[in-house]
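Only this structure's heavy atoms are used, side chains among them; waters, hydrogens and symmetry mates stay out.
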Amino acid sequence: MILNIDPLQHTNIYDRRQGNLGKVDLVNEYEYDLFIRPDTCNPKLRFWFNFTVDNVKLDQKVIFNIVNISKERNLFMGNMTPLVKSSSRPKWQRIPKKNVFYHKSAVHQGHYVLSFSFGFDKEEDIFHFCLAPPYSYTRLQSFLNILEKKATHLSDNFKREVIANSVQKKRLDLITIGSLDKNQSKSKRRVVAIMARVHPGESPSSLICQGLMELLISSHSIATVLREHIIFKIIPMLNPDGVFLGNYRSTVMGADLNRSWHIANQWCHPTIKAVIDMLLVLDGNKELQLDFVVDIHAHASLHGCFVYGSTYDDVYRYERHILFPKLLATTSEDYIPENTMFNSDNSKIGTARRHLCSLLSNRVNCYTFEVSIFGYKLKGSEVTIPYTEESYMRCGRNLARTFLEYYHNTGAIPFQISTEITSKKNRPRFRQVRRRNKNRYQPRPLTSRTQAQLHFKNLNINYDSDTSVEDLSYSYRNTGLQRTLEKISEQLSKNEEMGNEQNNYRSGSPLPTTLVVLPEPCLTIIDFNLISRDDIEKVSNVNKLNLKKEFGK
């Protein structure tokens, strides 16, 4: 859909399918006003944007103004900038901060405006701008098809199924990873439920979920142990309709699913109603023990990753509840403990973590796992490191590592300590002897070696005293070592006698008793140009004559 064509510059700005752009106004030859399309049936929400620009001219420079952002306080007030890529450069990059301005505009009735300038350097490229790396419904289906093929080696440890359809009849996929054999263990099998993308504009949550699933089906040792003891129930996209429409938070009917868990019904909220029914069945199963429900989100105002939890009157339940965030803080370098929060706020009663912790049994821990839509700061540093698609997937892998750490600490997964000691293969003895003898009888090169004397000036022996350093400074260039020691002993004795009479030393300061004498430095010079023994003898005689002339010996 072409929203605007500039007749002067011939620049086309498109609202891509599953993107979000509502209107484009041409301000002048070099400036455009962009209006974000509000969520379907919910005009108050306008923050997510995703659009492309093509048919540009070489070295054309323009200014884009996004004029109707509804979420005023966000990371654009800091150092966050929009993402851009092109058809010839498919990797997402941040626009430099010097070209991005987030400000109140008097021209736009005092609203906050996001303005950024950009110069197009290739006419044949299509340029793509967005708030965060997009992750569409189509991309998810393609990934799950590939994941299903890759997981064929897991046989019964992997299952993909559709538990419900959205209002627009899109799939709500459930991925089950873990041992489904009922006869494997007599104890209850542990279950972890993970959900993502309840808000369509929080696309990093899908990347986190993808990184988690890719690790769990791999042959990594962490994945092998987790599959053996834990069953993972993963719902990668809770709001497929909103993702397909390019909404920020709402469904096709304008509902915020993360505020509707307590009022969910089959007609308006079929996806979360199906998830609630599934969790109730898992919680009531006598052969299973549901331990975790984790809802993955992306935060637009804070840095790093962190956890939102709940508070309980039961002290023991609360102590068990805060264990997982503590372990996650030690596993993830981008974890921000200051942003972690545990509350029972009534305004959040419709969220997953608040409703499910009261609906399910007391042993279930419900969390909201938040990851910044921009980046994180390392401990002790103020430099912000932007997240990439790969680093978002790394957050998912860190979740898996934390689950393993948690179940190790609680005893559900025993530590496997190897008792076998692998014996190192000894090589045959005759080979070692042969190699050693070969090196031993290797002939030395026919070269001459002479000593070249080097002397350093101002070699001082310093003491902690009030006497002059010059009095205790000697050089043994022209005197022998024994004579030097005698001179130093005579001077020390003289100073001691004077100190007893005149008290020249500081009171309480001991006399120096250690003598440090540096050895005579020398170098060995080897002339590799000499081949015959006669030449070696001639050079040795010449060196001796030179030494006698230089030192008068």
Side-chain angles (χ1 to χ4, degrees), residues 1 3 14-24 34-52 64-77 80-83 92 102 111-114 116 128-140 166-168 170 195-209 236-261 268-269 271-272 295-302 347-348 350-352 368 370-374 387 392:
M1 180 176 62
L3 297 177
Y14 294 89
D15 176 14
R16 303 197 71 185
R17 192 180 186 187
Q18 302 178 2
N20 192 16
L21 191 64
K23 180 183 176 183
V24 179
L34 310 181
F35 294 83
I36 301 174
R37 180 186 58 79
D39 282 8
T40 308
C41 301
N42 197 335
K44 294 181 179 180
L45 300 174
R46 304 177 306 275
F47 186 59
W48 163 262
F49 60 88
N50 179 23
F51 62 93
T52 61
F64 295 113
N65 302 314
I66 301 179
V67 300
N68 64 337
I69 293 178
S70 62
K71 189 178 180 63
E72 294 183 352
R73 293 190 174 275
N74 52 65
L75 289 169
F76 285 122
M77 289 184 168
M80 186 171 73
T81 60
L83 289 169
W92 289 107
Y102 187 67
H111 293 295
Y112 275 91
V113 175
L114 175 65
F116 59 94
H128 191 177
F129 299 89
C130 68
L131 174 68
Y135 200 103
S136 63
Y137 173 77
T138 306
R139 178 177 175 179
L140 174 66
S166 65
V167 175
Q168 291 186 331
K170 291 182 174 56
M195 308 174 295
R197 208 63 183 279
V198 67
H199 291 149
E202 298 175 0
S203 55
S205 62
S206 290
L207 295 169
I208 297 169
C209 200
M237 190 170 286
L238 268 173
N239 191 353
D241 292 346
V243 173
F244 185 82
L245 294 170
N247 289 347
Y248 174 48
R249 292 177 69 94
S250 306
T251 64
V252 65
M253 302 180 69
D256 186 348
L257 291 184
N258 205 38
R259 297 296 184 271
S260 307
W261 286 85
C268 296
H269 323 94
T271 55
I272 61 174
D295 189 15
I296 304 176
H297 287 257
H299 209 284
S301 302
L302 298 174
S347 64
K348 307 292 185 181
T351 61
T368 298
E370 296 274 0
V371 181
S372 175
I373 209 168
F374 174 38
Y387 280 113
Y392 280 128

Is [Y] close to [X] at the side-chain level, that is, under 4.5 Å between some pair of heavy atoms?
X	Y	answer
Cys130	Trp92	yes
Ile66	Phe116	yes
Val167	Thr251	no
Tyr135	Leu140	yes
Met195	Ile296	no
Glu370	Leu302	no
Leu257	His269	yes
Met80	Leu131	yes

Closest heavy-atom contact between [X] and [Y]?
X	Y	result
Tyr392	Ser372	OH-O, 2.9 Å
Lys348	Thr351	O-OG1, 2.6 Å
Asp39	Tyr248	OD1-N, 2.7 Å
Ala196	Cys209	CB-CB, 4.1 Å
Val198	Pro200	O-CD, 3.8 Å
Ile272	Ser260	CD1-O, 3.7 Å

Nearest 0.5 angstrom please: [X] [atom1] to [Y] [atom2], how far?
X	Y	atom1	atom2	value
Glu72	Ser301	CD	OG	11.5 Å
Thr81	Leu75	OG1	CG	11.0 Å
Leu34	Asn65	CG	CG	7.5 Å
Asn42	Met253	CG	CE	12.5 Å
His297	Thr368	NE2	OG1	5.0 Å
His299	Ser205	NE2	OG	13.5 Å

Side chains of Asn247 and His199 only: does a donor on one sit below 3.5 Å from an acceptor on the other?
no
For Tyr112 and Asn74, does a side-chain donor sit closer than 3.5 Å to a side-chain acceptor?
no
Aromatic centroids of Phe49 and Phe129 separated by under 6.0 Å
no
Can you sort out the partners of Asp256 under salt bridge (Lys or Arg N to Asp or Glu O under 4.0 Å), two or more places apart, ordered by chain and number?
Arg249
